[in-house]
Amino acid sequence: KKGLAVDPESITGYSLLIQSLSDSEIETDIDSLMLKAQESKNLKSLLGSKLVSISPSKALELLSEDNIEDIMNKIVCFKNLNRNEEALSLAKYAIDINPNDVNLWLAAGWNAYDLEKYNDAENFFESAFGCNISCADALFGKGLVMKMVGKDYSYCQRALAEIDSELII
């Protein structure tokens, strides 16, 4: 805050300030920080990422769909707000932009799972293997889907046990 006293318009100063603030400090100054964030895409993205867990609806006001990190944060916001259809839709959009990002496939898979769209979820988890063949999250998701629809998931469980013996479907 001392640096901002010298140059109250400094975008870099606000960026450093936002990075250093705790969740409670952000909540206290949320309105002034959101106002200042409007002046810079980077500040919007930074503040939006800090608000994902403490105020997802406010984070959605700041995050863009111009970069994958913001999109991923928006997906988490929608999930935190129980807006899973929107989270799934955004995850599909992001996959079209960056099909090699395993986290996007996983986000789509978990949102489809939460919506009880088990066939879609299984397909998303299988696609995640195309990005990372040894992805424990994809294997766990696929196994959980198979369990929910009554299919044999024992090979998923055995494979998971080899990765981490404490992971149980």
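One is the number of the first residue; the rest follow in order along the sequence.
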Worksheet item: Just wondering, are more than 12 heavy atoms of other shown residues or ligands nearer than 6.0 Å to CD in E162?
Response: no
Response to the item:
In this structure, CG of N103 is separated from CE of M72 (nearest 0.5 Å) by 5.0 Å
Response to the item:
Closest heavy-atom pair, K44 versus A37, reported as atoms and distance to 0.1 Å, is CG-O, 3.1 Å
Item to complete: Tell me whether the centres of the aromatic rings in W105 and F129 are closer together than 6.0 Å.
Response: no
Worksheet item: Using a distance-only test with no angle check, is there a side-chain donor-acceptor pair under 3.5 angstrom linking S40 and N42?
Response: no
Discussion item. Would you say that more than 12 heavy atoms from the other residues, nucleotides or ligands in this model lie under 6.0 Å from the CG of D96, or not?
Written reply: yes
Fill in: Side-chain donor-acceptor pair present, D70, S45, cut-off under 3.5 Å
yes
Worksheet, complete the sentence: By side chain to side chain donor-acceptor pair (under 3.5 Å), E27 pairs with (sequence neighbours left out) none
Worksheet item: Below 4.5 Å, heavy atoms only, C-beta onward: do K147 and K142 meet side chain to side chain?
Response: no
Practice prompt. Report the distance from atom CG of L33 to atom CG of L62, rounding to the nearest 0.5 Å.
Written response: 10.0 Å
Discussion item. Under a 3.5 Å cutoff, is there a donor and acceptor pairing between the side chains of E25 and S22?
Written reply: yes
Discussion item. Surrounding CD of E69 (heavy atoms of other residues, nucleotides or ligands, distance under 6.0 Å), is the total greater than 12?
Written reply: no
Worksheet item: Are side-chain heavy atoms of F125 and W110 found at a separation under 4.5 Å?
Response: yes
